Amino acid sequence: NVEPEPRSLSLGGHVGFDGLPDQLVSKSVTQGFSFNILCVGETGIGKSTLMNTLFNTTFETEEASHHEDCVRLRPQTYDLQESNVHLKLTIVDAVGFGDQINKDDSYRPIVDYIDAQFENYLQEELKIRRSLFDYHDTRIHVCLYFISPTGHSLKSLDLVTMKKLDSKVNIIPIIAKADTISKSELHKFKIKIMGELVSNGVQIYQFPTDDEAVAEINAVMNAHLPFAVVGSTEEVKVGNKLVRARQYPWGVVQVENENHCDFVKLREMLIRVNMEDLREQTHSRHYELYRRCKLEEMGFQDSDGDSQPFSLQETYEAKRKEFLSELQRKEEEMRQMFVNKVKETELELKEKERELHEKFEHLKRIHQEEKRRVEEKRRELEEETNAFNCRKAAMEALQSQALHATSQQPLRKDKDKKKS
Ligand code: GTP
Ligand code: MG
């Protein structure tokens, strides 16, 4: 069932829907814009200075120490206004990046932060009462990755971090403090960096070339990546004009001089030409990927053509049923486990009881035996005592007879004496 092509008609006169783009502009201006920049680079590489230079103001930032025990993300939001356009700008600093001895997990807090902002947005979208219209969108629109001006090559930390971030955020790599590297070295350094990014499969943000109005400039600028920038908030007199520059004993590096560095190119691309594309890519590419993975993880699926069309209600019901049956299974398992445990304990108790009973019987037997033996002994002793008593009585009788006999003898002796 292919829908027929709509017929094109010509209008007889002015109708007025050609003012629709103006309505959009007016609405967006009233609503204001938000733009969120993530700055990743070693401590002291010039992140804050570059932000101040880019927006021509002084953001209050404190310097980081070199002794953080892990990377920490510090977001700060500012309300900026230029003519009648309001910009809610959030600058997120990856504090302590590159300062740890073990840098294996340096990228993790950054990835987690980016994901957390996506998750917040997804939660808002999934709410029943959503207020996306005045929602403060904190999703990171661009990551400025500051590369040290070593003139040598990218560090493995740079490659690992950019690789981990490239599917989550638009990365624009920049060579920081480009005034510390000579012109010929810089050219070679840029080529080397791009080569390393390509050979490691790191996807950096490409300025879009599909919109005719900006296709040409964007194509030229893509060839200049990574931009080599110089930041400064100091003003120096050049000719009869005050310009932002860095003054050295041998000369002045002008920030906005395209012969000196790519600062102007960066500002042009980041703020003046592609800010909306960065916001759009964040929503339609990076956030979309996050959302898709998250929803698939939760069990949602799009229909695959011939099957039923996707229904949130059905998926929810299916998930709910799955969950309930799982719960029931778990409950039954627990119950069974409990019953088994009770049975086991009961058996154990019975066994213990039997053992105790046996012990008791054994002791009883021993006791009876002992008692019998003692009784025997007692009887023997009694018999002995009786025998002894008998003998004693006999002895006493004999003794008394003997005594009696001896008491008669002297009389007879006396009689015998008298006779003689
Ligand atoms: P943390 O926030 O502490 O990590 O530092 P940061 O990356 O914000 O660096 P910050 O902007 O504070 O600059 C550190 C030092 O580098 C300051 O002394 C700046 O003047 C100097 N600096 C900043 N940008 C440039 C630059 O483009 N070239 C040179 N040569 N020095 C710079
Ligand atoms: Mg700083």
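First listed ligand is number 1; within each ligand, the first listed atom is number 1. Predicted model only: the values in this text are computed from it and were never measured.
- The protein atom (non-hydrogen) at minimum distance from atom 30 (N) of ligand 1 is D179 OD2, 3.0 Å.
- Close contacts of ligand 1 with S48, meaning ligand atoms under 4.0 Å from a residue heavy atom, involve 2 (O), 6 (P), 8 (O), 11 (O).
- Closest protein heavy atom to atom 14 (C) of ligand 1: G44 O, 3.5 Å.
- For G46, a nitrogen or oxygen atom sits less than 3.5 Å from a nitrogen or oxygen atom of ligand 1, counting backbone and side chain alike.
- Close contacts between ligand 1 and Y248 involve ligand atoms 30 (N) [criterion: under 4.0 Å to a heavy atom].
- Ionic pairing of E358 and R354 is present here: one or more N-O contacts between side-chain nitrogen and carboxylate oxygen are shorter than 4.0 angstrom.
- In summary, S48 places an N/O/S atom under 2.8 Å from the Mg ion (ligand 2), meeting the contact criterion.
- Of all atoms in ligand 1, numbered sequentially from 1 with element shown, those under 4.0 Å from a heavy atom of T43 are 3 (O), 4 (O).
- Counting heavy atoms of neighbouring residues, nucleotides and ligands inside a 6.0 Å radius, atom CD of Q31 exceeds 12 of them.
- Scanning the protein heavy atoms around atom 13 (O) of ligand 1, the nearest turns out to be T49 OG1, 3.5 Å.
- Relative ring orientation between Y145 and F97 is described as perpendicular, the plane-to-plane angle rising above 60° on a 0-90° scale split at 30° and 60°.
- Residue G41 places every heavy atom at 4.0 Å or more from ligand 1.
- When only interatomic distances are considered, the shortest N/O to N/O separation between T180 and ligand 1 does not fall below 3.5 Å.
- Within ligand 1, the atoms closer than 4.0 Å to a non-hydrogen atom of K47 are 4 (O), 6 (P), 7 (O), 8 (O), 9 (O), 11 (O), numbered from 1 in the order shown.
- Taking 4.0 Å as the cut-off between side-chain N and carboxylate O, E370 and R373 count as a salt-bridged pair.
- The ring of F35 has its center no closer than 6.0 angstrom to the ring center of F33.
- More than 12 heavy atoms of other residues, nucleotides or ligands shown are found within 6.0 angstrom of CD on E396.
- Within a 6.0 Å sphere centred on OH of Y248, heavy atoms belonging to other residues, nucleotides or ligands number more than 12.
- Within a 4.0 Å radius of atom 25 (C) of ligand 1, the protein has at least one heavy atom.
- Taking atom 3 (O) of ligand 1 as the reference point, the nearest protein heavy-atom neighbour is A64 N, 2.8 Å.
- Nearest non-hydrogen protein atom to atom 20 (O) of ligand 1 is R246 NH2, 3.3 Å.
- Distance check on atom 10 (P) of ligand 1: some protein heavy atom falls below the 4.0 Å cut-off.
- Considering backbone and side-chain atoms together, A178 places no N or O closer than 3.5 Å to any N or O of ligand 1.
- Summary of contacts: the protein heavy atom closest to atom 27 (O) of ligand 1 is G231 N, 2.9 Å.
- Using a 4.0 Å cut-off between charged side-chain N and carboxylate O, K352 and E348 make no salt bridge.
- A cation-pi geometry, defined here as NZ or CZ lying under 6.0 Å from the six-membered ring centre and within 45° of its normal, holds between K164 and Y107.
- A salt bridge links D179 to R246: one of the charged nitrogens lies within less than 4.0 Å of a carboxylate oxygen.
- Protein heavy atom in closest approach to atom 16 (O) of ligand 1: K177 NZ, 3.1 Å.
- Y290 and F118 have tilted rings, their planes meeting at an angle from 30° to 60° on a 0 to 90° scale.
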